[in-house]
Structure formats: C-alpha cells, structure tokens
Protein chains: 2
Amino acid sequence: MQKSTPPFYRQETPILIAVDCVIFGYHEGQLNILLVKRDFEPGLGQWSLMGGFLKSNEALDLAAQRILNQLTGLTNVYLEQLHAYGDLQRDTAARVLSVAYYALINVKNSNEQLTQTQHAEWFPINNIPELIFDHREMCDKAWKRLQRKSLSQPIGFELLPTRFTIPQLQQLYEAIHNETLDKRNFRKNILLSGLITKLEEKNKEGSKKGAFYYLFNTEKYAELTESGTSIQFK
Amino acid sequence: MQKSTPPFYRQETPILIAVDCVIFGYHEGQLNILLVKRDFEPGLGQWSLMGGFLKSNEALDLAAQRILNQLTGLTNVYLEQLHAYGDLQRDTAARVLSVAYYALINVKNSNEQLTQTQHAEWFPINNIPELIFDHREMCDKAWKRLQRKSLSQPIGFELLPTRFTIPQLQQLYEAIHNETLDKRNFRKNILLSGLITKLEEKNKEGSKKGAFYYLFNTEKYAELTESGTSIQFK
DNA sequence: GCAAAAGTGTTGATTGTACACCCATGT
DNA sequence: ACATGGGTGTACAATCAACACTTTTGC
C-alpha cells in the first residue's frame, strides 16, 4: 500500500507527525482530563497527553482512535480533531508537527487496568499539572471547544452513562461551563426539546427521594437536525 | 537550526505535509474564492487551492503566510487554521497530510500581476468548479467557519476596504450568509454596538444620494472583548 | 419629475432570567 | 421529625423580527 514519493514531490522534506489526545471524562460532578506520566524520552517522568506518531500507512483520524484505544481500551468514542500545532520548537527533541484531538468518554466503560499500566491519571480540568511541550495549550483549546460545542450539539451525553438523571446532566453542564445553572430553567429547556425520554426507574444514589432516569433520544435528535431546527442546550 | 531525529524517534516515519489556503475575497456583492490552475503534476490543468509544502525549518503558520503571499503579494492578512486532512488516499500521488487555512483579503490590496502569472482566478462561492483532491471539502468547511465566526467576531471587516458604507457591510454579510437581511435591523445592531465610526464623507458609487463612509473602531472592539461583552453581528 | 438607493422607529412576539415552595424518603 | 436533594410555575425583562414611508440626487 505504501506509495513512494513520486518525481514531482522529490524535493520536499517529510516531517514527523504526532497525534495527541485530550481525553475528557466526568466523575462525580467533576470534569477531568486523562494524563500519562511519560516513561520515555524526551520528558521522561513529566505529565503529558496520550500521544503517538502517525504511521505512513495510517489515516489521521484512525491514528487518533488507535492512540485513544491504547490508553482506554475504548472504541466508538466521540473524537474530534482540534488543531494542528506546528511551531518549530514545540517538541524539544525534533521537528514534530502534532495534530491534537479531543475525546469524550464514559469513564465507567474504560479499562482501568490499561490506564494503570500506562501510568495514567485523571486530573480535574481546573487543576492540571505542568505539561510537556504545548500540551497545556491543547487542553485549554479543547475545553473551550467543548464549552462551545456543548451548547449547540448534544455531546455532553457522551460523558454520561446511557441512563442518567436530570440533576446529573445539569451537574455535567455546570462542570463543563464552570458555572451554576438554575435547575428549573435547565429542566424546562431540556424537557421542552424532547431530546430526553423519561424512564420508570429512579436513581437513588444522589438522594433519598431518588431522581428519574432518562435516555437520550437519538431519533428525536436526528429529526431535529434534519429539519434544520437549531437546538439550545443549557 | 535543523535538528536530526533523536534516538527515541528513530523508528518513526516522517510524512510530507502540505498547506492549502482557502482565500476569500469580496467583490461587488459577491463572496469569492481564489483558485489556481495547476501547472504541475499531479492534477496538471485542474483547479485547486493555492498550496505548498511545509519546510522542515518553517513554522506551520508561517508556511501558510508564505503560500498566501506567493499568490497575492499580501502580508498581515487574516489567516486562520481550518483543519488537518489526513486520509491515506487524499493526494493521488503520494501520502501527503494537508493542513488547510482560510484567509480573508481585501481584494483591492492584492497584487493582480502576481495572481495572473500564477493562473489564478476568482470564483463565486456558489459556483466553484471541480477541484482536485479534497479541496472542495476544505472550501465548504471554510465557508461554514466564516459564517459562524462572522456572527461573533468582526472578521467581516477584513474583506472590506478601510472605509466602507453600511449598505456595503450589509451586502457582505448577506453574501457570507447567503440570505437577505433587514436593513433597519442591521443598521440598528451595528450602530448600537459602537463598533463603527461615521465619517463626514459619502461614497457616491452605489447611489445618487450617496452613503456615509464608516471606519471599524478597533479600540471599541478591544474594550468590549476585554470586558467580556459578547457581540452579535448581523 | 422620477427612478434608485439611503436612511429612519415602532410594535408584537418570543425568549431568557430570576425566583420560592412542596414532595418523597432514609435515617 | 428532620435533613436532603428532586421536582414544579410564574412574572418581568430583554431581545428579536416584521414592517412602510421620507430623503437625496443624478438623469
């Protein structure tokens, strides 16, 4: 499959391409990012995003999936390209261009064993340790993107289990936007949109009374996007 | 300055990186894109975006500026990264990852001689010819981005001369969003924001009565962004 | 004097925001 | 019985959207 450089591109210089993943997870009211302690040079022992190099016979998006899978064991995860970072000195060891992605995962589904063997740890988005290279910049950009996208697209649900309660959903949005929301208005909006479906069962973890479980309504969302109706979460 | 690959990266394969520019210009009520007729292989004779290869000693953003400058003679232009395209087969001749940028230029300032010697031509955004590789996808994404960004940031002004009239500005926004706007509401909003300053002189090109010239107010914009006030154009 | 574009305010509808009390249950 | 979080509705404010006539001037 691998193509050799054709005559008309012979003068050009190939460059190393990395892919780095900002992995978001949500635990108990807190929005977190998964970081790894590097066990290789350069930057051995420092915290960094999970990353790897793009292979010559590998599509870029698939490389991001591979890298995410290596750390979490997950497939079929929300994954979106963020930005390409191409400053000359960004990697202290060599010229490496990095394409950053961000992922939203449901923590319960991830493989804890894997993350442990890779020396990975969750950090609250408000309390990220010093990171290697320009990884901090990537995290900041990813958070901003998540904030913006979560207003108009239902990506928040990616961070929750299939069944969730309205208070849980609200807490998630509060964590994403780092602000408190009015529970009456929040409930009103989300229910009015028709995008969540009530179940009979209650979740009793959060309170004595218990809160009803809901499901995200994929069909309704497809219907709304097709009809071009714009949606306002939060 | 050029670094050799250090021992810990030796197993990795470098890849060719291209930079492609979606160049927007606005002429007489029409939003256009600047395309070049390729005079080299692959795709000789086909329309494509202006592009080039990233050099090993060149920062990514500067490569985009260089490529834009090669075609237009312009520097200090609004230029923003769009997306990295990394499918395996996107370039028919070799494995090339491309980072797309989009630029907003004031057509009057560009160097017509240069664009002519490069076999470049302006095409209305609604009537783009068949393009090489995935360049059409880049154009579509760039237009959507321009539409979104122009609502919350004053990037439309980049496409106009320093002095412009309100009807001109409205026409530009109509072209960007491909819809007609109410002139009373448009004028009201933009004046209320305080972001444009009226001049004494009139532009008589568009009508017998003539329309007053305005300037974009950079200080006011800085003030608003600093105070965190969100702005609604259009 | 008329065609052509510039300029100007008001009203009703919709949307967003603020706010306080009762309910169900486990201890 | 009380502490805890879940659930509910209303009123005011702000924003958005629709709409028609007068002004200026070159021909």
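From a predicted model like this one, the values you see are computed outputs, not experimental measurements. Quick note: numbers below take in every heavy atom, side chains included, and nothing from hydrogens, waters or symmetry partners.
Nearest-nucleotide assignment on DNA chain C puts the 5′-proximal partner with B:Pro167, out of A:Lys183 and B:Pro167.
Between B:Phe157 and B:Phe164, the ring centre distance stays below 6.0 Å. Aromatic ring centres of B:Phe123 and B:Trp47 lie closer together than 6.0 Å.
Rounding to whole angstrom units, CG of residue B:Leu181 and P of D:dC19 are separated by 15 Å. D:dG7 atom P lies 15 Å from atom CG of A:Asp182, rounded to whole Å. In this structure, A:Lys209 atom NZ and D:dG6 atom C1' are separated by 4 Å, rounded to whole Å.
Protein chain A contacts DNA chain C from C:dG16 to C:dG26, reading 5' to 3' and using non-hydrogen atoms of the protein with a distance under 4.0 Å.
Proximity of residues 184-206 of chain B to DNA chain D (heavy atom under 4.0 angstrom from any strand atom) is restricted to B:Arg184, B:Asn185, B:Lys188, B:Lys204.
Put simply, the side chain of A:His135 gets close to the backbone of A:Leu49: a donor and an acceptor are under 3.5 Å apart. Between the side chain of A:Arg163 and the backbone N or O of A:Asn203, no donor-acceptor pair lies under 3.5 Å. At distances below 3.5 Å, not a single donor-acceptor pair connects side-chain atoms of A:Trp143 with backbone N or O atoms of A:Met138. No donor-acceptor distance shorter than 3.5 angstrom exists from the side chain of B:Asp87 to the backbone of B:Arg90, with no hydrogens or angles considered.
Close to D:dG6, at under 4.0 Å from its OP1 or OP2, lies no side-chain N or O of A:Gln170.
At a cut-off of 3.5 Å, with distance as the only test, a side-chain donor of B:Ser150 or B:His177 sits close to an acceptor on the other residue.
The closest side-chain heavy-atom distance from A:Phe212 to A:Ile166 is not below 4.5 Å.
Stretches of at least 3 consecutive Watson-Crick or G-U wobble pairs, with each checked distance under 3.5 Å, appear in DNA chain D as C:1-27 with D:1-27.
Under a cut-off of 6.0 angstrom, the local environment of NZ in A:Lys202 is crowded, with over 12 non-hydrogen atoms contributed by other residues, nucleotides or ligands.
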